Amino acid sequence: MENKFTNKEVAALLRNVSAAYQVKGLNYFQIRAYDTASDAIENTASDIKTLWEQGKLDQIPGIGTHIANYLDEYLTTGKVRHFESVFRQVPEDMFRFLKIPGVGPKTAVKIANSGVVSIKDLEERIKSGWLLKHDFGQKTLDNILRGIEEFNRKSDRYLLPIAGEIAKDVVNYLKQNKDVVYADPLGSLRRRLSTVGDIDIAAATRNPKGVLNHFVKYPGIHEVIEKGDTTATILHGSGIHADLMVQPPNHYGSLLQHFTGSKSHNIHLRSLAKEKGYSISEYGVKEIKSGKSLEFEKEEGIYKLLGMETPIPEIREDTGEIEAALENKIPRLIDLKDIKGDLHTHSSWSDGQNTISEMAEAAAQLGREYIALTDHSYPSLKFEQRIKDIEQFNYSQDKIRVIYGLEVNINVDATLQIADEILERHELILVSIHTSFRQEKDLMTKRIIKALENPNVDIFAHPTGRLLLEREGIEADWEQIFKVAARTGTLIEIDAYPNRLDLPDTLVREAKRFGVRFTICTDAHHTDQLNLMEYGISVARRGWLEPKDVVNTLPFEKLRDILKFD
DNA sequence: GCCGTTTTCGGCCCGACTGTTTTCAGTCG
């Protein structure tokens, strides 16, 4: 069972209401209202329970008076009488089957009504042929089995670089076909989400059939899931799905726009288009009155038609980018080329693989003006000797300035790992949590705030401590933490390491609203990892950060003023 | 059930693919 009253759990509750309504055959738009509300809660950066405590539930678009009242009842009493009565009218076991990809409400009910009680039971009864006698076709059962297999895989998501590599390989393979004019990875990969669930690829061609046939012969394929006239889905050997959608080149802009998403961005855009007399699909734009079709080879044309600038893919989440684009008010967001230095790296003085000079020279190669070596502050570390070594390196060359820093643990009792006298001797201090991640929310918040208020502390590194696909982040009152960070001038890090990407994008945007400033750093433990910066940039762009929000876009002289060392 | 610079009523994005169907329902993106 999920933790009660988390966004995820509340979203799941509403999703179940939607499923039950579907079974009961209620009005389609009423059903969709629950889906919309569920999506909205899942995608909002704010904690639903906190919003409720502040009486701001109805500020979430998609939550109106009815659902807000139900949620109020839920968060107060732990249940909703109306929902309970709805759930009683459908088979109780159906909800567990909804977790299987490919199984929707209708199928789930049919499974439950046949007497199957669990997913494991379902798998056995399909394999034994038992279910075949209960009005299911063999192909349907094969599909369900495949869904169960997918459900049983440990994770259904992939880190951004991993999915990116696979997508690149598939796209390169597609481009070997002479009929492919363009091919690009789209979807969440193009929007640069921290984890990716499947790979969406668009291709432009005048020979759709040929290209789709080529696609399903990709050597790294496990099996073909589906194949039609314009789309096909394969299961890649890695376990990830790859969807291909093809269009002629003169419609490619529409395909790019459609397939980049997000779903909620597209829905909003299409509603807007409708108000202006257009109907948008992946095939093009239709003028509703005249029935005339408009073609777009580039997606910018579609946005322009609607009187707006083209939002960068990273922010197409329907979280205000459409409104901003209509007013031409999307800021120039940060880019990799804005980055001047890296402020969180490790050397062989702690758990890094390379020496100070190796790290520094590799960073200089990447065009960085400065690099902070922030080794873990093991109490046994010879701090003075390390500082001397770094100073010596700085004297020996003028390609790059090495800043001597430390990464210091925030202890469970809110003290820091080492004494203030040692902190003061260093130019840059990062603090971070490496123990007691599951501390209770209030205590955790106080623990962090105390560390941020220490005048020697410059940066709060990988704030949530999450490890993507492995470990959830800590629970804390982020609003309070951001307020303190803004007041004390403590910088918040976006850790670019691909399994961290921490602070997460939604919280980045939230923090910016409080006036927090950021660093984007690689946390490199090896020279090869210094180029992971691009992943941190993706997070920052998704969080709407501009160059001015990020201090390591500054040249060294200006950075020095901010960090107050001499 | 939600929403509103045209609206507090009457709309609500748009389409593909599969299965087991002779015209559609279910699921997905």
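Lettering of chains follows the sequences in order, A, B, ..., and the numbering in each one begins at 1. Hydrogens, waters and symmetry mates are skipped; everything else that's a heavy atom, side chains included, is used. Keep in mind that what you see is a predicted model, and the values were worked out from it rather than measured.
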Residue A:T230, side-chain atoms from C-beta onward, closest of B:dC2, B:dC17, B:dC3
B:dC17

Span that lies between the [atom1] atom of [M] and that of [N], in whole angstrom:
N	M	atom1	answer
B:dC13	B:dC24	P	22 Å
B:dC12	B:dT18	C1'	27 Å
B:dC17	B:dG1	P	35 Å
B:dT21	B:dA25	P	14 Å
B:dC2	B:dT8	C1'	12 Å
B:dT7	B:dC3	C1'	10 Å
B:dG26	B:dT20	P	14 Å

Go through the steps for A:L306 and A:I280 under the test side-chain contact (heavy atoms from CB on, under 4.5 Å), then give the verdict.
CA-CA 11 Å; A:L306 300 177; A:I280 294 186; 3.9 Å; yes

I'd like to check the side chain to side chain contact (heavy atoms under 4.5 Å, CB included) partners of A:S264; sequence neighbours left out, ordered by chain and number.
A:S262, A:D318

Side chain to side chain contact (heavy atoms under 4.5 Å, CB included) with A:P313: which residues, sequence neighbours excluded?
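Applying side chain to side chain contact (heavy atoms under 4.5 Å, CB included) to A:P313 gives A:R190, A:T260, A:R316.
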
Polar side chain donor-acceptor pair, [X] to [Y], under 3.5 angstrom:
X	Y	answer
A:Q30	A:N27	no
A:R509	A:T319	yes
A:D35	A:Y21	no

Nearest-nucleotide comparison on DNA chain B, the residue closer to the 5′ end among A:L98 and A:H82:
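Its nearest nucleotide being more 5', the pick is A:H82.
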
Looking only at side-chain N and O atoms, does A:T107 come under 4.0 Å of OP1 or OP2 in B:dG26?
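So the side chain of A:T107 is outside the cut-off, no N or O lying under 4.0 Å from OP1 or OP2 of B:dG26.
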
Identified pairing partner of B:dT8, criterion: Watson-Crick or G-U wobble below 3.5 Å
none

Footprint string (nucleotides 18-25 of chain B, 5' to 3'): B base within contact, S backbone only, - free, heavy atoms under 4.0 Å:
SSS-----

Once base and sugar-phosphate atoms are separated, protein heavy atoms under 4.0 Å mark nucleotides 4-15 of chain B, 5' to 3', with B, S and - as --------BBBS

With A:Q22 via side-chain hydrogen bond (donor to acceptor under 3.5 Å, both in side chains) - residues at least two apart
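Here the qualifying residues are A:S18.
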
Which pairs would a plain distance check flag for residues 161-172 of chain A, meaning a side-chain donor or acceptor within less than 3.5 Å of a matching protein atom at least two apart in sequence or in another chain?
from   : atom 1 : to     : atom 2 : distance (Å)
A:D169 : OD2    : A:Y218 : OH     : 2.5
A:N172 : ND2    : A:K168 : O      : 3.3

Determine the minimum heavy-atom distance between A:E321 and A:I330, stating which atoms define it.
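That would be O-CD1, 3.8 Å.
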
